[in-house]
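A short write-up of the structure that comes next.
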Amino acid sequence: MRDAYHEELDSIGDGLVEMARLVGSAIGRATTAMLDSDLKLAENVIEADQKVDELQHDLEARAIALLARQQPVATDLRIVVTSLRMSADLERSGDLAQHVAKLARLRYPDRAVPSDLHATILEMGQLAQRLMAKAAEVIITKDVDLALQLEQDDDEMDLLHRTLFQHLMDDRWKHGIETAVDVTLLGRYYERFADHAVSVAKRVVYLVTGEHADELQTTDVQPEIQAATGAESA
């Protein structure tokens, strides 16, 4: 029975990794659809979000069933509760990728992003995808140091977000109000996507250490990891 219980816990983790990989791919493909005005790709991203939703619903159902049947405590309880919260972050990330794709579809055959902002949006999309890939790695490895690095990586997204607003506020802006609204929305989608990737990583920190990431300093991480690892080995 205990073996089956831990296999179920592991399968929940596997589901989270699959969700992270799906939404990471989605934001990359949505960005391509946006910049290339690729209607078919945009439709594919929009439709594929259903798979993310299904995974989230399945994971939620299994986690709740574990809570009811096994009444986990200590680390196991943290795994289940934290997994529920991570799945919500990942589901929302999928929605944000879908929003990018829907904007691409809305403006087709035109492009929502003016040519002078293509490089910035491309960089935001690539960064979002890298952040989510790193979040997936954190889920797999439970690497607290790597998890804490994500918040620093997110500073780059914040900088790109500010760059967009600098363009919008420039007196030389010539692309009109509609495009300004589109670019504002896109910037927000990418910025929030990155925030969810960081949130996933922070939840892994809590899962491993029992402390919130904001309460930890990088220099204090190694003793926590050793203590957590020793407890698991015991």
Side-chain angles (χ1 to χ4, degrees), residues 9-10 12-28 31 52 55-56 59 63 72-97 123-163 187-234:
L9 282 176
D10 289 342
I12 289 174
D14 292 341
L16 290 170
V17 172
E18 185 177 0
M19 287 182 72
R21 288 174 173 167
L22 285 173
V23 300
S25 173
I27 197 67
T31 302
V52 176
L55 281 169
Q56 199 256 346
L59 189 151
V73 296
T75 300
D76 288 349
L77 180 60
R78 285 211 307 271
I79 291 172
V80 176
V81 173
T82 303
S83 295
L84 284 168
R85 292 173 176 170
M86 285 194 285
S87 73
D89 278 313
L90 293 169
E91 189 275 334
R92 183 56 184 152
S93 299
D95 288 344
L96 291 164
E123 192 172 354
M124 293 181 84
Q126 291 173 340
L127 178 58
Q129 191 167 6
R130 289 198 304 272
L131 285 169
M132 192 56 74
K134 189 174 285 190
E137 184 179 352
V138 167
I139 296 170
I140 295 169
T141 63
K142 307 295 188 294
D143 186 328
V144 173
D145 283 325
L146 183 62
L148 293 174
Q149 287 173 18
L150 256 79
E151 191 160 16
Q152 297 175 5
D153 296 340
D154 183 47
D155 291 343
E156 186 179 347
M157 183 66 81
D158 294 336
L159 179 60
L160 290 167
H161 195 203
R162 288 196 295 272
T163 298
R188 182 61 173 164
Y189 297 154
Y190 288 116
E191 189 263 341
R192 288 300 298 146
F193 187 98
D195 285 347
H196 283 296
V198 171
S199 179
V200 168
K202 284 183 174 182
R203 296 190 195 284
V204 173
V205 172
Y206 175 72
L207 189 157
V208 174
T209 68
E211 296 186 47
H212 295 287
D214 294 340
E215 300 169 356
L216 289 174
Q217 298 295 328
T218 303
T219 54
D220 297 329
V221 169
Q222 193 60 38
E224 295 286 356
I225 297 173
Q226 291 173 348
T229 303
E232 289 177 1
S233 298

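Values below: all heavy atoms of this structure, side chains included; hydrogens, waters and symmetry mates excluded. Quick note: residue numbers are just sequence positions, from 1.
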query: Any side-chain heavy atom of R85 sitting closer than 4.5 Å to one from T82?
result: no

field: Pairwise distance CD(E123) to CE(M157) - rounded to 0.5 angstrom
entry: 9.0 Å

message: Test of understanding: with salt bridge (Lys or Arg N to Asp or Glu O under 4.0 Å), list the residues that count as partners of R192, not counting sequence neighbours.
response: D195

query: Measuring from R78:CZ to D76:CG, what's the distance to the nearest 0.5 Å?
result: 9.5 Å

side-chain hydrogen bond (donor to acceptor under 3.5 Å, both in side chains) partners for Q129, two or more places apart: none

- line: In this structure, CG of D95 is separated from CZ of F193 (nearest 0.5 Å) by 11.0 Å

Inter-residue atom distance D154.CG - S199.OG, 0.5 Å rounding: 11.0 Å

- prompt: Within a strict 4.5 Å, meaning less than it, do heavy atoms of the V80 and L9 side chains meet?
  reply: yes

Stepwise side chain to side chain contact (heavy atoms under 4.5 Å, CB included) test for Y190 and H161: CA-CA 8 Å; Y190 288 116; H161 195 203; over 6 Å; no

message: Can you list everything that forms a side-chain hydrogen bond (donor to acceptor under 3.5 Å, both in side chains) with R188? Sequence neighbours excluded, please.
response: E191

task: For residues L59 and S83, report the shortest heavy-atom separation together with the two atoms involved.
output: CD2-O, 3.9 Å

statement: OG (S87) and CZ (R203) are apart, to the nearest 0.5 Å, by 9.5 Å

query: Taking atom CG of D155 and atom CG of L150, what is their separation to the nearest 0.5 Å?
result: 11.0 Å

message: Is any side-chain heavy atom of T31 closer than 4.5 Å to one of Q126?
response: no

message: Minimum heavy-atom separation for A194 and L131, please, with both atom names.
response: CB-CD1, 3.5 Å

- prompt: Taking it one step at a time, do V205 and H212 satisfy side chain to side chain contact (heavy atoms under 4.5 Å, CB included)?
  reply: CA-CA 7 Å; V205 172; H212 295 287; over 6 Å; no

- request: Using a 4.5 Å cut-off on heavy atoms from C-beta on, say whether the side chain of Q56 contacts that of V52.
  value: no

field: Residues in salt bridge (Lys or Arg N to Asp or Glu O under 4.0 Å) contact with E151, at least two apart in sequence or another chain
entry: K202

Name each donor-acceptor pair under 3.5 Å that joins a side chain in residues 13-27 to protein atoms two or more places apart or in another chain, with its distance.
unit_1	atom_1	unit_2	atom_2	d
S25	OG	R29	NE	3.3

- prompt: Are the side chains of M86 and V204 in touch, meaning some heavy atoms are under 4.5 Å apart?
  reply: yes

Under the side-chain contact (heavy atoms from CB on, under 4.5 Å) test, residues paired with L146 that sit two or more places apart: K134, E137, V138, D143, Q149

task: Test side chain to side chain contact (heavy atoms under 4.5 Å, CB included) on K142 and L207 and set out the steps.
output: CA-CA 9 Å; K142 307 295 188 294; L207 189 157; 4.1 Å; yes

